[in-house]
K.L.:
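First, the structure itself, so that you have it in front of you.
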Amino acid sequence: MAFMDESGEIAARSVQDYIDETPYWADGTVAPSSPMTAMQWRIWFLASAGKFFEGMVVFMTGVALPLIVQEFKLGAMEKGTVSAATLFGILIGATALGGLADHYGRKKMFIVEMVLFVSCLVALVFSPNFPFLVTFLFGMGLALGCDYPTAHMVISESIPSSDRGRLVLSAFAFQAVGALAGTAIGFLILYKAPEISAWRYMYGAAIIPAVLVVVGRFYIPDSSHWLVSKGRIKEAEDALHRLLHREPHYPKIIRIAPPAENGNASAGENGKGSYADLFKGKCLRATILASVPWFLQDLGTYGIGIFTPTILGSVIGAKAVHARNVADLIQNDILAAKGAAFIDVLLLVGIIAAVLMADKVGRIKLQVAGFLGCAAGLFLASMSMTVAADSSMSMSLLFSGFMLFSFMTNMGPNAITYLLAGEVFPTNIRGKGAGFAASFAKIGAVTTAFFFPFLLKGFGAGTILIFLVGCSVLGAIITWRFRIETSGVNLEDL
């Protein structure tokens, strides 16, 4: 059932044509579906692991922070620095390291980033003082930043176009799984080891799983899309054979057309591309769509995510704010962690909704609806600040608002901005474009994480929440104005 040209030879086709093709069984009958190969699932799993670790370490910081502050006797400035260090590393790493995937290849950077993550994670556990602590948190952020574009590309460039949204977002869902796991692990460790140094055990829990992921990433093929963009056709064919290996074996023969023949203009430029290209012609629209809404949603997602235990603590009771001793501090941290874990469950429910709807409803509609839902949730939470802090109405409004926000952000902008950033750019600058978008977004995350303690003290949670309502509405407007729908569209056509 191979495709033939006019001379009767096997026709050369593009990489995505092979990946999108429905396989035929040995007897010549069409398979009932287009099953993923074992290698495609392995790539998906290893990419999902990176998002899991990001959610785990970033949201675990919310539980670990009170203990870190107590151990190192940190003031407001140092506290903000600890909260922002990993996010600042993501900001730098997404562009500085993620863009290198366009030059050195997806697989190489996929391995390098996880080696860096494990190294900094181990060092973090043994941090002797504040400067070392911040340095290693920043180093982990560099690795996680690189993972933003790289993980997306290793998935999206290896799976069928019809499944791209579902599988990229299901991998991204592991950020929510990691957030829930990080908060839950923090709670369990505090419960079993109620001591100041418990934060070290929290981060240490991720070391062995991360090492296993490093090993697994050595045993996958590089992206055939990227190899073709570099003119390495034979290597691309070999990599595609490994990617599509299945029983019964299909396709038996792979001939990849050179870029000039398959119409991939971006790849036809011998893989050349610079960051300046992101701001030229049609790419400018893609850059705005990928970057600005992501920035606006990160203002809320990371600020609310990291400081949910703090905000809940201030509502749950005065002890969370005025702990009399270490026992009070740990007990209040446990109470806040339990409340945060309950809310974080909605992050997972939201991303499941996005997985189910992204390819059916469309990226743009989900992102707009999600932004408007976030605005509604944050507005509800802000209303809790207008009634007595210890009343049942205050607690109900706060929990309802945060739960709605958590669901809608992962159903919409937190998931879809990540998906779009890896789809709307051509192959030769896809790493740079997705990396730039992630870095620009993390400016919002870092700003919120660093200044949140000061703003919370100076203006109060109610004012901050109203500001974030406006950011969510603006995100919906910009998404619709610069919309590019990518659902089901061949990456090479994009």
Side-chain angles (χ1 to χ4, degrees), residues 15-16 19 40-55 90 93-95 97-102 104-114 143-161 163-176 178 213 217 220 222-226 229 243 278 286-287 289-291 293-294 297-298 351 354-355 358-359 363 367 410 413-442 484 486-487 489-492 494:
V15 171
Q16 197 64 45
I19 294 174
Q40 286 172 314
W41 281 118
R42 182 185 300 177
I43 290 171
W44 175 86
F45 175 79
L46 292 170
S48 301
K51 307 318 298 176
F52 174 86
F53 289 127
E54 182 201 352
I90 293 175
T95 300
L97 298 183
L100 295 178
D102 288 334
Y104 293 107
R106 314 316 195 203
K107 177 181 177 179
K108 185 171 292 185
M109 296 310 299
F110 201 44
I111 294 170
V112 168
E113 69 185 32
M114 191 53 60
L144 296 172
C146 181
D147 189 70
Y148 264 87
T150 308
H152 191 313
M153 290 184 295
V154 298
I155 298 176
S156 61
E157 294 179 0
S158 66
I159 60 175
S161 301
D163 297 326
R164 191 175 62 243
R166 176 174 62 88
L167 290 172
V168 170
L169 286 182
S170 60
F172 185 74
F174 278 79
Q175 184 189 64
V213 171
R217 290 186 176 188
I220 63 170
D222 211 334
S223 164
S224 294
H225 281 282
W226 177 78
S229 77
L243 178 71
L278 299 176
T287 301
L289 174 65
S291 304
W294 199 352
Q297 79 87 23
D298 267 14
I351 193 66
V355 169
D359 289 320
R363 281 52 156 164
Q367 184 157 304
N410 259 19
N414 193 37
I416 304 300
T417 50
Y418 174 73
L419 179 58
L420 284 171
E423 293 182 329
V424 295
F425 299 101
T427 301
N428 67 320
I429 57 171
R430 188 169 294 135
K432 294 180 178 67
F436 174 83
S439 289
F440 190 80
K442 289 303 170 284
I484 301 173
T486 60
S487 299
V489 181
N490 188 310
L491 279 178
E492 289 161 345
L494 284 168

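Just so you know, these numbers use all the heavy atoms, side chains as well, and skip hydrogens, waters and symmetry mates.
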K.L.:
Test Y148 against every option in W294, F110, F436, F172 by the ring pair (Phe, Tyr, Trp, His ring centres under 6.0 Å) rule and name the one that passes.
P.N.:
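Passing option: W294.
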
K.L.:
G422 and R430: which non-hydrogen atoms are nearest, and at how many Å?
P.N.:
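G422 and R430 have their closest heavy atoms at O-CD, 3.3 Å.
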
K.L.:
List the atom of G50, the atom of L144, and the distance in Å for their closest heavy-atom pair.
P.N.:
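Smallest interatomic distance, heavy atoms only, reads O-CD2, 4.0 Å.
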
K.L.:
What are the two closest heavy atoms between A358 and S487, and how far apart are they?
P.N.:
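Looking at all heavy atoms of both residues, the closest pair is O-OG, 3.4 Å.
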
K.L.:
I would like to know whether D147 and F53 meet side-chain contact (heavy atoms from CB on, under 4.5 Å); could you show each step before the answer?
P.N.:
CA-CA 10 Å; D147 189 70; F53 289 127; over 6 Å; no

K.L.:
Parallel, tilted or perpendicular for Y418 and H152, by the 30°/60° rule?
P.N.:
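Correct class here is tilted.
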
K.L.:
I'd like to check the salt bridge (Lys or Arg N to Asp or Glu O under 4.0 Å) partners of E113; sequence neighbours left out, ordered by chain and number.
P.N.:
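Once residues adjacent in sequence are excluded, the partners of E113 under the salt bridge (Lys or Arg N to Asp or Glu O under 4.0 Å) criterion are R217.
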
K.L.:
Under a 4.5 Å cut-off applied to non-hydrogen side-chain atoms, are Q367 and P293 in contact?
P.N.:
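Contact flag for Q367/P293 side chains = yes.
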
K.L.:
Show, in sequence, the C-alpha distance, side-chain angles and deciding distance for T486 and V424, and conclude whether the side-chain contact (heavy atoms from CB on, under 4.5 Å) test is met.
P.N.:
CA-CA 7 Å; T486 60; V424 295; 3.8 Å; yes

K.L.:
Please check if the side chain of T95 supplies one atom and the backbone of G435 the other of a donor-acceptor pair under 3.5 Å.
P.N.:
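Answer holds: yes.
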
K.L.:
When I111 is tested against each of M109, K107, K108, M114 for side-chain contact (heavy atoms from CB on, under 4.5 Å), which residue passes?
P.N.:
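Going through the options one by one, the only one that passes is K107.
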
K.L.:
If you round to the nearest 0.5 Å, how far is CD of Q175 from CD1 of I351?
P.N.:
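Reported to 0.5 Å precision, the distance equals 8.0 Å.
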
K.L.:
Minimum heavy-atom separation for R106 to W226, with atom names?
P.N.:
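That would be NH1-CD1, 3.6 Å.
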
K.L.:
What distance do L289 atom CG and R363 atom CZ have between them, rounded to the nearest 0.5 Å?
P.N.:
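Between L289 CG and R363 CZ, I get 12.0 Å after rounding to 0.5 Å.
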
K.L.:
To the nearest 0.5 Å, what is the distance between CG on L97 and OG1 on T150?
P.N.:
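These two atoms lie 8.5 Å from each other.
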
K.L.:
Tell me every residue that passes side chain to side chain contact (heavy atoms under 4.5 Å, CB included) with S161, counting only those two or more places apart in sequence or in another chain.
P.N.:
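Side chain to side chain contact (heavy atoms under 4.5 Å, CB included) list for S161, sorted by chain: Q16, D20, R164, N490.
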
K.L.:
Are the side chains of W41 and L167 in contact, using a 4.5 Å heavy-atom criterion?
P.N.:
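With C-beta onward as the side chain, the pair touches.
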
K.L.:
About how many Å separate CD of Q297 and CG of N414, when rounded to the nearest 0.5 Å?
P.N.:
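With rounding to 0.5 Å, CG (N414) is 4.5 Å from CD (Q297).
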
K.L.:
Should P160 and Q40 count as side-chain neighbours, where that means a heavy-atom distance under 4.5 Å?
P.N.:
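Contact flag for P160/Q40 side chains = yes.
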
K.L.:
One pair to check against side-chain contact (heavy atoms from CB on, under 4.5 Å): V168 and E423. What are the steps and the verdict?
P.N.:
CA-CA 10 Å; V168 170; E423 293 182 329; 5.8 Å; no

K.L.:
For A290 and A421, which heavy atoms make the closest approach, and how far apart are they?
P.N.:
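The answer is CB-CA, 4.0 Å.
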
K.L.:
Quick one: do L243 and I43 satisfy side-chain contact (heavy atoms from CB on, under 4.5 Å)? Show the steps, please.
P.N.:
CA-CA 9 Å; L243 178 71; I43 290 171; 3.7 Å; yes

K.L.:
When rounded to the nearest 0.5 angstrom, what distance separates CZ in F425 from CG in L278?
P.N.:
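Those atoms lie 5.5 Å apart.
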
K.L.:
Which atom pair, heavy atoms only, marks the closest approach of C146 to P149?
P.N.:
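Taking every non-hydrogen atom into account, O-CD, 3.3 Å.
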
K.L.:
In terms of side-chain geometry, is the basic nitrogen of K432 or D102 positioned less than 4.0 Å from the acidic oxygen of its partner?
P.N.:
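The answer is yes: the pair qualifies as a salt bridge.
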
K.L.:
Output the distance between atom OG (S170) and atom CD1 (I155), rounded to the nearest 0.5 Å.
P.N.:
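Nearest 0.5 Å value for the OG-CD1 distance: 7.0 Å.
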
